[in-house]
Structures are given as structure tokens and as C-alpha cells.
Peer 1: 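What follows is a structure written as C-alpha cells; I'll ask about it next.
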2 protein chains.
Amino acid sequence: MSEPTAPRKRRGSGRATVHDVARLAGVGSITVSRYFTEPGRVAAERSARIAAAVKELGYVPNLAASGLASAHGRVVGMVIPNISGPIFANTIQTFSDTLNRHGYQLLLASSYFSATKEESAVRAFLGWKPAALAVVGRFHNRATEKLLSTAGIPVVETWDYQPRRKPIQVGYSNNAVGEQAARYLYAKGYRRIAFVQNSLAGDLSAVDRSDGYEAVMREHGLEPLIYVPKAEAPFDAGREAVESLAIAPAKRAKPVEAIIFANDNLAAGGLLAGQRAGLKIPQQCAMVGFGDYAFSQLLLPSLTTIRPPGREIGEIAALRILEQLGVLPASTQDTRLNLLACELIERESA
Amino acid sequence: MSEPTAPRKRRGSGRATVHDVARLAGVGSITVSRYFTEPGRVAAERSARIAAAVKELGYVPNLAASGLASAHGRVVGMVIPNISGPIFANTIQTFSDTLNRHGYQLLLASSYFSATKEESAVRAFLGWKPAALAVVGRFHNRATEKLLSTAGIPVVETWDYQPRRKPIQVGYSNNAVGEQAARYLYAKGYRRIAFVQNSLAGDLSAVDRSDGYEAVMREHGLEPLIYVPKAEAPFDAGREAVESLAIAPAKRAKPVEAIIFANDNLAAGGLLAGQRAGLKIPQQCAMVGFGDYAFSQLLLPSLTTIRPPGREIGEIAALRILEQLGVLPASTQDTRLNLLACELIERESA
DNA sequence: TTGTAGGCGTTATCAG
DNA sequence: CTGATAACGCCTACAA
């Protein structure tokens, strides 16, 4: 009848579990579980006892165990090309917030526009048995495609929209953006319009935009001119492009009258270089960017640009996922379309 | 001896498990497990068989189960005030990348400078049994403090540094930043120097900066002047401040000669408002920001500002965590200090 | 170097 | 409305 030291558990984190709570509250462990997942089905009096026990023990349900037992973790993975740029931050923010509001957590990784890195991120996520995955764009390598299609969970492609594609897509048409910019300049009377491509080769969405531009040019019988800078840093690339296209064009070429840049970083570099060289913007050369970064309204002249619906994309992507998961009551169904529009912000540069 | 349909599992995701791989490869499940965790300890010939089986089945280890069994998940939670702002994005990026490189995933949530939201994010993270947690700053509510201190895992506070504080801190001294700005302006001969506070009340780090400014002012026998804008939007708040302080000060007050802004957004708003009103910057009023946002170098005049080491903070915070976790071999120990310096970027505005 | 036994904390299942 | 039992998929401990 000696009282030995309590047999210490040999494994485990030492933190309270459902069983500890159940014992203290004098109920079955499963009732504690239900107290968290379906509070309505637990009698009020027991709920109170459980609540007290939870508080006393500082109990936090172990989501890893929960995910294991129920075969669906409450995490959603998102692979984004670049967290720190000005582009996707809003999307991450609204995506994360919308998920959090419904009890899901965001797992984040970045691909730096590399299909291989995207693949390994997706692979890593899959290990968490995520409830869903979100990726950016529709360009993935073969392995990623397969991973996504066989994952058996909702997959959303963001920041792009192509008809006739299986995964849910929430975004806009980059092609249409290219057209939009070209049409805008054409309507203003510009004819010698160039497109400055992103020097970052992996950014295929920018290629879609230049395709749109090219189509509009040909539609009007104009010769498209796509310039691909050699410089890597965006500001430098923009400068280089403006110098080649507008300030000191090659011998036989006339300077262009307007430039569409693949993004606002390039545009800012180009705009400042133009100013420094005494180029009158937009009189001698108009400029249109893409992205509506924070600084674009602050430039002199302020930058005419196209604003992608970053916040909406994140929010709607999350809502679509939650709908697929059956988390959202039908009454709250969001009626917005998945194909969003980009707004052309008319400022001083074009 | 009839051959009934294979008894289907009644639970589970239906995806391959270690056991399936083991069976196909003709080895024990534990060997498959070791193949992933300690590849060196599995014979080459078996490794090859396992590799083949893994590929054929498309097996992905279940991290939730792994974390459950080993009592340490390979996730690290980070609560950040704001994902979409220009401030923390670099930190998230390098933090995430550094963790990924060592097999850890980032769980992200945002607090919007609200201590309550921070608390609930930390609470939600704890359910994942994260290997470690990172938060921003040293200001938390009582409940968060308790959660963090009893979590029994490494906790890193980022973007701040105070001597004599228990959790690991990786950041800089906001106080020192306030002093740095004030000293710089004083040395340039400015005397009537004001500090424009963030209208966002929750940003206590900005208060630290104004404290530093105040100390330097008093040290030189000058009267500190701290302006708190009413406008909420940063650009508007900056404009409001410049109008009150430099363009149209209250009757009995002299216009100030220099302004330190709590951040570059405020500074940009102030700078543009000053220009519009014909204020000569820096001749009539010098301006210093904080943050070195992307647009700061693009403003006219370009903005003198203080650049916090955002990328370094993220990387070093992750390294400190990995060190605590014993993941990094001692030989790779990073020798950088946790107290980082902020660089004053001298441009045209001051 | 490899295998066996059993537990990690939760929830699905089914019976009361 | 509540509870007992057995998974979920992996890993620690120990043995061979």
C-alpha cells in the first residue's frame, strides 16, 4: 500500500488533454470534444463544468491530433511567388483573415516565380493534410499539376482567369489587362506604342499581358514592339527601356510615343529616367504601369496604371474554399464572380 | 474460402501511408520512417526499394501524425501586425524562407496592432503544437504573456530590442531610432524640431521613437513638440501635421524647422502637402521619415529616412529559433548580434 | 541495420 | 444527450 510517485508518462508534451479535462469536469472525453466542435449538443450544465476545467488546466485542443483523427486539418496552404513585394501582400492579408475568421490557419510559402520551388512547397503542404490549397497563376510544372489534381482537396488558382480550366480560378485576365492598356492609349491617339516586358523570365503573367497588347496593335494594323530589358533590378530595367525606346532609340527607329510597362516598378524606373533626361511625360512619351503600387500616386507626374483587385482575390478565394469545404452556410454565399475586373487609374503620365 | 471484397478502411484519407510503402517495398514500416528522418541509417539497397515504392504510391508523409507522435510539430507560428504593409513583408519573407530551408513551415496570422487579436492568434497557434513562436514587439497583453511564457517552446520577439528582457529579442531599439533622427537634425542646425506621431494608437513602437526624440530635445534644452494627427489615413495624417506645424501654425506658434515622422507614409503625405503649398523642403522645413519604404527614394525631394533591418530580423529570428531547437549544427552558428542597427539614409528632404 | 509493441491526443462509430 | 471503443499515421523505446 505504499504510495509510489505517480507513474510519469513517458511520452507526450505534458500539457493537458481532453482526458484531463474530462476527468476534472466529471464527463466523458468525447463530451469535451463535442463541447468544442458542436457546442449545441452539450447540456448547459455540463458545458459550464467543462468550461471551468478548460480554464483551470489551460487546455488547448491539439489541432495536429484533431487533424489526424478526422482526416482533415484546419490549415490551408498558399504558395505565393513573392511575399515581400507590393503585389501579393493584400491578397495574403485578406486570404488569411477570411480563413482565420472561420477557424482555419494559413500556411505560407514562396516560390519566387520558380516552378520547382512551387512544387516543393506544394509537396511540403500536402504533408499537413491541408483542407485546401491556393496557388498563384495557372502555370505550374507537370509534377505540381499532378500533385494538385490528385490531392483530393479544393484547389484555387488565384491572380489569373482563363475560361475552360478545371480548378477554381479567382482573378482577372492578364490578356484583357494588356488589351485594356493598349486600347486606352490608342483611344488617346497614340500609335507608336511599346510594351516593356519584365526582365524576370518566370513572370508568365506579364507575357499574357504583352499578348493582349500585341493583339490590339495588330487589330489596328500597328506593329507591336516588345522590349525585354537586360537589367535585372526593376528600376534599372525601366530606365534602360526608356533610354532605348524614347530617349536614344537605335538609328533607324523613331522614338515611341507611349510605353506600357509590365509593372509599376519598371514604370517608375522609366518615368524617373525620362524626367532626368528632360523627356516630357506624357507629351513626348506617355507611360502606363500595372499594379498601382503605393508609390505610383506619389510620382511626379503621377503614374497612370491598372489596379488589380488584390484584396478581393484573397477574400473571394478564401470564400470559395470555405464554400467547397461546406463551412459556409448557403445563406452567406457570396455572389461575386470569380472573374474580376482591373481598374485603370487615370493619372498624369498618360 | 470465398474472396470477399477487401474490407475497406472506414476512416482515413485513403492516401498511402508508411505501411503501404513498407509492404510494397518489402520492409518494415519503421524503416520507411527512418528513410525520411535519418536516411543515413538505412541500407542503400533498401533505400532504393523504398524510394521506388514512395514514387509509385505518391506517398507524402503525414506531418500531423508525425508531429503528434513525436510531440513536436514542424511549424513555427508568427503573429505580425500587418502583412500587407510595406514594413513587415521582408521579415516574413526571410523568416519563412529560412525556416523552409530547414524543413519548418510558417503559420501566419495578423494582429492589426490589436493585443486581443494577437492573443487569439497565439492561442490558435498553440493548438498546432508549434516548435516555436515569433511575435512582433514587446507589448502584449497579460494573457498573451502568460501563454507565451508557459508554452514551453522558444519564443522570439522581433522588431524590438530592450535590454533585460527574458524572451529572445531580435530587432533594434526604437528609442535609439528616435534619438538618431533627432541628433541628425540637431547636428544639421535645426532647433524647432517636431515629432509627428502615428495616429494609429496601437503602434507603441512609434511611442518609443518619440520618447527617444524627446530625450534628445531635453538634453539640448529644447522643448519637444509631439503632434498627434486626427486623420486616420496615413497620407492625410501627414498632410494634416505639416499644415498645422509648418504651413499654417496656430497663432502664437512659430512654424517648425524640421519634422520627424513616425513612418514614411506620414512623411510622404506631409512632403507632398508641403510641396503643394509651396513649402521649400528642406530649406523651410526638413523632413525625416522612418521605414525606407519603396517609394521614399522616388519622392521629389527624395525622403531622408531611417531604414530598419527587416530582412535581417526575419532571418536572424529564424536562425535563433533553429538554434534553440538544436536544428543547426554548432559550426553554422550565426555570430551576428540580436541588436541590430538602423541605417539613416540621407537624401534630399533633410 | 532492422523490426516489434505500443502510445501520441483526438474524433468516428455505434450503442445506450 | 452521453459514453466506450477503436482507429488516424507516425515515432519512441527497446529488442534482435
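Order of the sequence lines fixes the chain letters, A, B, ..., with proteins taken first and strands second; residue numbering starts at 1 for each chain. What you see below is based on every heavy atom in this structure, not just the backbone, and it leaves out hydrogens, waters and symmetry mates. All figures in this text were calculated on a predicted structure; none of them were measured in a lab.
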Peer 1: Mind checking if A:S29 touches a base, just sugar-phosphate, or nothing, with heavy atoms under 4.0 Å?
Peer 2: nothing
Peer 1: Quick one: A:E38 CD to D:dT2 C1', roughly how many Å, whole number?
Peer 2: 12 Å
Peer 1: Rounding to a whole Å, what distance do you find between B:W128:CH2 and C:dT10:P?
Peer 2: 13 Å
Peer 1: Apply side-chain contact (heavy atoms from CB on, under 4.5 Å) to A:R311 and list each qualifying residue two or more places apart in sequence or on a separate chain.
Peer 2: A:N90, A:T94, B:S84
Peer 1: Specify whether A:F88 and A:F113 have parallel, tilted or perpendicular ring planes, treating 30° as the upper limit for parallel and 60° as the lower limit for perpendicular.
Peer 2: tilted
Peer 1: Output all residues satisfying side chain to side chain donor-acceptor pair (under 3.5 Å) with A:H102, sequence neighbours left out; order by chain, then residue number.
Peer 2: none
Peer 1: In this structure, is the centre-to-centre distance between the rings of A:F36 and A:Y59 below 6.0 Å?
Peer 2: yes
Peer 1: With a 4.0 Å cutoff (strictly under), does any side-chain N or O of A:Y35 reach OP1 or OP2 of D:dT2?
Peer 2: no
Peer 1: Quick test of your reading of the model: are A:E315 and A:R336 salt-bridged, counting only N-O distances below 4.0 Å?
Peer 2: yes
Peer 1: Report the residue (A:H19 or A:G28) whose heavy-atom-nearest nucleotide on DNA chain D is the more 5′ of the two.
Peer 2: A:G28
Peer 1: Of the nucleotides C:dT13, D:dG9, C:dT2, which one has an atom closest to the side chain of A:I30?
Peer 2: C:dT13
Peer 1: So with a 6.0 Å cut-off around CZ of B:R41, is the heavy-atom count from everything else above 12?
Peer 2: no
Peer 1: Taking side chain to side chain donor-acceptor pair (under 3.5 Å) as the criterion, tell me which of B:R138, B:Q162, B:E157, B:R320 meets it with B:Q169.
Peer 2: B:E157
Peer 1: Let's see if you can work this out: which of D:dC10, C:dG9, C:dT1 has an atom nearest to the side-chain heavy atoms of B:R41?
Peer 2: C:dT1
Peer 1: What's the CG-P distance between B:L68 and C:dG7, to the nearest Å?
Peer 2: 14 Å
Peer 1: Would you say B:T31 places a side-chain N or O within less than 4.0 Å of OP1 or OP2 belonging to C:dT2?
Peer 2: no
Peer 1: CG of B:D20 versus C1' of D:dC10: gap in Å, rounded?
Peer 2: 13 Å
Peer 1: Roughly, in whole Å, what's the span from NZ in B:K129 to C1' in C:dT10?
Peer 2: 11 Å
Peer 1: Any idea which of C:dT10, C:dG3, C:dC8 is nearest the B:R34 side chain?
Peer 2: C:dG3
Peer 1: Of the listed nucleotides (D:dC11, D:dG9, C:dG3), which one gets closest to any side-chain atom of B:S70?
Peer 2: D:dC11
Peer 1: Output the rounded distance in Å from CG (B:L126) to C1' (C:dT10).
Peer 2: 17 Å
Peer 1: Check this one for me: any side-chain N or O of B:S66 less than 4.0 Å away from OP1 or OP2 of D:dC11?
Peer 2: yes
Peer 1: Grab the OH-C1' distance between A:Y59 and C:dG9 for me, whole Å please.
Peer 2: 7 Å
Peer 1: Verify, without hydrogens or angle tests, whether B:T158 (side chain) and B:V135 (backbone) share a donor-acceptor contact under 3.5 angstrom.
Peer 2: yes
Peer 1: Within the pair A:S33 and C:dT10, is there a side-chain N or O less than 4.0 Å away from OP1 or OP2?
Peer 2: no
Peer 1: Base, sugar-phosphate, or nothing for A:F36, non-hydrogen atoms under 4.0 angstrom?
Peer 2: nothing
Peer 1: Using a heavy-atom distance cut-off of less than 4.0 Å, which residues of residues 42-51 of chain A contact DNA chain D?
Peer 2: A:V42, A:A43, A:R46
Peer 1: Reading DNA chain D from 5' onward, which residue's closest nucleotide shows up sooner: B:A64 or A:G26?
Peer 2: A:G26
